[in-house]
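In what follows, chains carry the letters A, B, and so on, assigned in the order in which the sequence lines appear, proteins first and then strands, with residues in each chain numbered from 1.
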2 protein chains.
Amino acid sequence: MVKQKIPEMVIKRLPVYLRYLEYYGESDREYVSSFELGQKLGLNPAQIRKDLAYFGEFGKKGLGYEVGFLTKKIRKILGLNQEIPIAVIGGGNLGLAISRYNVYRGQNFKVTAIFDVDPGKVGLKVNGIPIKHVDDLPGEVAREGIRIVIIAVPAPHAQQVADVAVKAGITAILNFAPAKLKVPSFVRIHATDVTCELQTLAYYLQGEGVVPKAPAESLKADEVEINEVETTLDGKVVSTESE
Amino acid sequence: MVKQKIPEMVIKRLPVYLRYLEYYGESDREYVSSFELGQKLGLNPAQIRKDLAYFGEFGKKGLGYEVGFLTKKIRKILGLNQEIPIAVIGGGNLGLAISRYNVYRGQNFKVTAIFDVDPGKVGLKVNGIPIKHVDDLPGEVAREGIRIVIIAVPAPHAQQVADVAVKAGITAILNFAPAKLKVPSFVRIHATDVTCELQTLAYYLQGEGVVPKAPAESLKADEVEINEVETTLDGKVVSTESE
DNA sequence: TAGATTGTTAATCGATTAACAATC
DNA sequence: TAGATTGTTAATCGATTAACAATC
């Protein structure tokens, strides 16, 4: 039977639900409702129910969702039941920071190797993780079963290491380099770009002059006239956001 | 006159356009068309024209957009004409990596201070940037005119440093901590969450077993029946993406 | 039972894309 | 002029939200 296509936005929210369930689910609470979840995460309860309903009927009418049960379900949906070996390409500041970043603990991600081209770095270990030469990437992917690579090299080298990774059989890439990478359509790339984020934030800084400080809640941004600045406030000066 | 509300999606794409214009615009090409821009960035040309049209008529019919002119316009729209002082909170691996990350050069962002609570770190300098105590944050915000803070502290401390920053008058935050932060509605938070990104990628890894290797282009993912796994492929196994 | 909350359909909202007259 | 490409309107598409019967 042909299953329904799941919208990407839904998949992106699952980790957000999962985190809430794991953090706060450590309390004694046995059930959580879509309403409470929505409150805490700033999301519409109907959306949460709809998201979860793509994968099955996980809730109990009148009660909500059993926290432990839902947690396990979401982990299974995301494929987090087996350990997933990942590699970091780039042994610079950012690459090493990411490698040492122990947020993967308990999340079943394991950084098995760091790759660099600097002979002065190759052979060293960082937090027990060996730094290897980029030329060894294909061999390591095969040997360690690496599934995801995180690219943390300077922008001018990003495309070429992406090519190497894809050739080695990698189909999932998390790119921190400020560069648009071209990869075959079967490879999934997610990008995290500090510069773009800062530039976007910079835009919204401009609104400030006209935003009345006190009654910020009641402000209807799109009705405010702007003088000095050429551009406008977005209606949502709100925060929210994640994923 | 009341200006139009600009959708957030539009603002998020402006830095993407800007980067293309600045990188490739260093060539001799004087004009770029929405078609070419779309090709390179994987976006619909009509969307690009529409995005730019929110802010004015920047193009020349029959020619396209003058690269230098459009670059300047977008920088102006984003408010990148003056230097924007930013601060990094968290002097750990990630915080220091971000602080040293020289991608801000020429982008008019300047990290003026790093904040930490570790007495062993406070007083040191990293790349010429002083590490100060978090208690000094409000003073520094006032003195240096800090506009944006980047939060790179462990998740359990993220909310409390966000509170300090907001109290100090910060209205734009880039959060790297894996935590959902609550801030007043006039404060803008963008979050970058490695764990969420990896978990999302993990979901799409599962499709692979059923994806025929050779004719990946012709695969209609949503028509593929899945056996072992409970969930399905998203139609877009494509890459694209940025921001 | 009465109250609560789900799963799901229908309504709304917003974003993307197609199409084309205007014009360089 | 002929070809190209804009700015913009209309059409499409998809995602979010509201509403409610089902039911614990």
Side-chain angles (χ1 to χ4, degrees), chain A residues 3-14 16-17 21 29-67 69-70 73-74 77 220-222 232 234-236 238 240-243, chain B residues 3-14 16-17 21 29-67 69-70 73-74 77 221-222 234-236 238 240-243:
Chain A
K3 292 272 178 65
Q4 206 173 351
K5 190 184 69 141
I6 316 285
E8 173 163 358
M9 289 291 93
V10 174
I11 303 301
K12 282 192 170 183
R13 279 189 295 265
L14 293 182
V16 177
Y17 302 153
L21 293 168
R29 308 283 311 292
E30 194 176 354
Y31 286 92
V32 65
S33 68
S34 62
F35 182 80
E36 181 185 348
L37 216 39
Q39 285 255 306
K40 303 285 181 160
L41 300 174
L43 298 170
N44 183 296
Q47 182 172 64
I48 295 173
R49 294 199 298 278
K50 200 155 188 277
D51 284 357
L52 297 175
Y54 277 105
F55 304 98
E57 306 203 354
F58 300 151
K60 288 203 181 71
K61 290 189 173 70
L63 281 173
Y65 299 89
E66 203 271 287
V67 177
F69 177 76
L70 185 58
K73 277 296 182 187
I74 294 181
I77 292 163
K220 286 182 199 148
D222 46 322
T232 341
D234 182 4
K236 273 188 193 160
V238 190
T240 62
E241 173 71 27
S242 212
E243 72 220 318
Chain B
K3 290 274 178 64
Q4 207 172 352
K5 188 185 72 140
I6 315 286
E8 173 163 358
M9 289 292 95
V10 174
I11 303 301
K12 281 193 171 182
R13 279 189 294 266
L14 293 183
V16 178
Y17 302 153
L21 294 168
R29 307 283 311 291
E30 194 176 354
Y31 286 93
V32 64
S33 68
S34 62
F35 182 80
E36 181 185 348
L37 215 42
Q39 285 256 307
K40 304 285 182 162
L41 300 175
L43 298 171
N44 183 298
Q47 182 172 64
I48 295 173
R49 294 200 298 277
K50 201 157 188 275
D51 283 356
L52 297 175
Y54 278 105
F55 304 98
E57 306 204 353
F58 300 151
K60 289 204 180 71
K61 290 190 173 70
L63 280 173
Y65 299 89
E66 203 271 288
V67 177
F69 177 76
L70 185 57
K73 278 296 181 186
I74 294 181
I77 292 163
D222 47 321
D234 182 4
K236 272 188 194 162
V238 190
T240 63
E241 174 73 24
S242 211
E243 68 223 315

Spacing between A/Y65 atom OH and C/dT6 atom C1', to the nearest angstrom = 6 Å

Side-chain contact test, heavy atoms from C-beta onward, threshold under 4.5 Å: evaluate it for B/Y17 versus B/L52 and give yes or no.
-> yes

What's touching nucleotides 11-14 of chain D from the protein side, N or O pairs under 3.5 Å?
none

According to the salt bridge (Lys or Arg N to Asp or Glu O under 4.0 Å) rule, which pairs have a member within residues 32-61 of chain B, sequence neighbours left out?
-> B/R13-B/D51, B/R29-B/E36

Using a cut-off of strictly less than 4.0 Å, decide whether A/S34 has a side-chain nitrogen or oxygen near OP1 or OP2 of C/dT5.
-> no

Using atom CD1 of A/I48 as one end and atom C1' of C/dT5 as the other, report the distance to the nearest whole Å.
-> 13 Å

Watson-Crick or G-U stems involving DNA chain D, each at least 3 pairs long, distances under 3.5 Å, ordered by first number = C:3-24 with D:3-24

Can you measure from OG (B/S33) to CD1 (B/I48) and round to the nearest 0.5 angstrom?
-> 8.5 Å

Please tabulate the protein-to-nucleotide N/O contacts below 3.5 Å involving nucleotides 16-19 of chain D, giving atom names and distances.
residue: D/dT16; atom: OP1; partner: A/R13; partner atom: NH1; Å: 3.1
residue: D/dT16; atom: OP2; partner: A/R13; partner atom: NH2; Å: 3.2
residue: D/dT16; atom: OP2; partner: A/Q47; partner atom: NE2; Å: 3.1
residue: D/dT16; atom: O5'; partner: A/Q47; partner atom: NE2; Å: 2.9
residue: D/dA18; atom: OP2; partner: A/N44; partner atom: ND2; Å: 3.4
residue: D/dA19; atom: N6; partner: A/R49; partner atom: NH2; Å: 3.1

Given the options A/F58, A/F55, A/Y65, A/K73 meets side chain to side chain contact (heavy atoms under 4.5 Å, CB included) only with A/F58

Integer-rounded Å distance: D/dT6 P and B/F55 CZ = 17 Å

Any idea which heavy atoms bring A/L21 and A/V67 closest together, and the distance?
-> O-CG1, 3.9 Å

Name the nucleic acid region contacted by B/F35, choosing base, sugar-phosphate or nothing; use a 4.0 angstrom heavy-atom cut-off, strictly under.
-> nothing

Can you tell if the side chain of A/I77 reaches within under 4.5 Å of the side chain of A/I11, non-hydrogen atoms only?
-> no

Using side-chain contact (heavy atoms from CB on, under 4.5 Å) as the criterion, list what pairs up with B/E66, not counting sequence neighbours.
-> B/E30, B/Y31, B/F69

Using atom CG of B/L70 as one end and atom C1' of D/dT5 as the other, report the distance to the nearest whole Å.
-> 14 Å

Provide, to the nearest angstrom, the distance between the CD atom belonging to A/E36 and the C1' atom belonging to C/dT6.
-> 15 Å

A/K73 NZ to C/dT6 C1', straight-line distance once rounded to whole Å = 17 Å

Would you kindly give the CZ-to-C1' distance between B/F58 and D/dT8, to the nearest whole Å?
-> 16 Å

Collect all protein-nucleotide pairs involving nucleotides 22-24 of chain C in which both atoms are nitrogen or oxygen and the distance is under 3.5 Å.
residue: C/dC24; atom: O4'; partner: B/K61; partner atom: O; Å: 3.4
residue: C/dC24; atom: O2; partner: B/K61; partner atom: O; Å: 3.4

